[in-house]
Amino acid sequence: MPLGCRDAETFRLRNNWNPPLGRDPHLESFISAVRQDVQDFQAPKYVRDNLTKGERAALRNLRKDNSITIKPENKGPAFVIQNTTDYVSKAEKELSNLMPEIIRFRKL
């Protein structure tokens with residue numbers, strides 16, 4: 001059989017089998033409790049803003065400034081503010097470093 005060919009059996013339609021209920025009373029109790037918690041969940045109607053009005057205005061002004069780029073930090077919940085020209089030049093440098101890798105691997 002040539003490489004890449006698969007058995008027709010692999011592409012069978014899924015069946016509708018489900019495990020029988022009541023098999024494990026502890027598991028059934030847990031599933032029931034989780035279902036009930038999900039059904040009873042109500043999202044809060046109002047979430048209090050954790051920024052002051054001044055901080056919110058400053059953030060809005062930073063977002064409008066095209067000379068800077070705001071990106072989430074790689075690790076952690078913080079963010080990074082960087083000069084856009086520096087950000088673009090670093091991205092271009094990273095891409096140019098990858099080009100020899102991309103060229104080395106050719107489609108067979």
Side-chain angles (χ1 to χ4, degrees):
M1 179 184 287
L3 287 175
C5 291
R6 298 199 180 212
D7 219 9
E9 246 344 83
T10 307
F11 300 104
R12 284 185 296 163
L13 293 175
R14 298 177 91 195
N15 66 24
N16 292 326
W17 182 85
N18 283 316
L21 294 176
R23 222 172 137 178
D24 183 348
H26 301 292
L27 181 59
E28 294 301 325
S29 174
F30 175 75
I31 291 171
S32 175
V34 169
R35 279 193 179 128
Q36 192 63 46
D37 285 348
V38 169
Q39 289 173 352
D40 293 345
F41 176 76
Q42 293 180 2
K45 291 183 179 13
Y46 176 75
V47 178
R48 193 174 67 100
D49 196 355
N50 63 349
L51 298 177
T52 66
K53 288 182 181 180
E55 291 170 335
R56 181 66 58 195
L59 186 57
R60 241 183 269 115
N61 289 335
L62 285 173
R63 284 187 187 154
K64 290 178 186 177
D65 188 351
N66 291 329
S67 68
I68 60 171
T69 300
I70 304 172
K71 298 299 253 180
E73 187 182 35
N74 287 344
K75 298 175 183 167
F79 57 92
V80 175
I81 299 175
Q82 189 173 12
N83 184 318
T84 299
T85 54
D86 293 342
Y87 177 75
V88 170
S89 66
K90 285 182 181 181
E92 288 174 344
K93 182 179 177 186
E94 288 295 320
L95 288 173
S96 69
N97 288 342
L98 288 176
M99 287 308 289
E101 295 286 328
I102 294 170
I103 293 170
R104 184 172 55 189
F105 297 107
R106 290 181 300 224
K107 189 175 181 178
L108 299 176

>> My understanding is that only residues two or more places apart in sequence, or in another chain, count here; which of them pass salt bridge (Lys or Arg N to Asp or Glu O under 4.0 Å) with Asp49?
In response: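 Checked Asp49 against salt bridge (Lys or Arg N to Asp or Glu O under 4.0 Å); matches are Arg56.
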Under 3.5 Å, sequence neighbours excluded: what are the donor-acceptor pairs made by side chains of residues 75-84?
{"from": "Asn83", "atom 1": "OD1", "to": "Thr85", "atom 2": "N", "distance (Å)": "2.9"}
{"from": "Asn83", "atom 1": "OD1", "to": "Thr85", "atom 2": "OG1", "distance (Å)": "2.7"}
{"from": "Thr84", "atom 1": "OG1", "to": "Asn66", "atom 2": "O", "distance (Å)": "3.1"}
{"from": "Thr84", "atom 1": "OG1", "to": "Ser67", "atom 2": "O", "distance (Å)": "3.2"}
{"from": "Thr84", "atom 1": "OG1", "to": "Ile68", "atom 2": "N", "distance (Å)": "3.2"}
{"from": "Thr84", "atom 1": "OG1", "to": "Ile68", "atom 2": "O", "distance (Å)": "3.2"}
{"from": "Thr84", "atom 1": "OG1", "to": "Thr69", "atom 2": "N", "distance (Å)": "3.4"}
{"from": "Thr84", "atom 1": "OG1", "to": "Thr69", "atom 2": "OG1", "distance (Å)": "3.0"}

>> Who clusters with Val34? Use side-chain heavy atoms, under 4.5 angstrom, across I, L, V, M, F, W and Y, and order the result by chain and number.
In response: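 So far as hydrophobic clustering goes, Val34 is joined with Phe30, Val38.
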> From Asp86 CG over to Lys93 NZ, what is the distance, rounded to the nearest 0.5 angstrom?
Replying inline: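 Result: 12.0 Å between the selected atoms.
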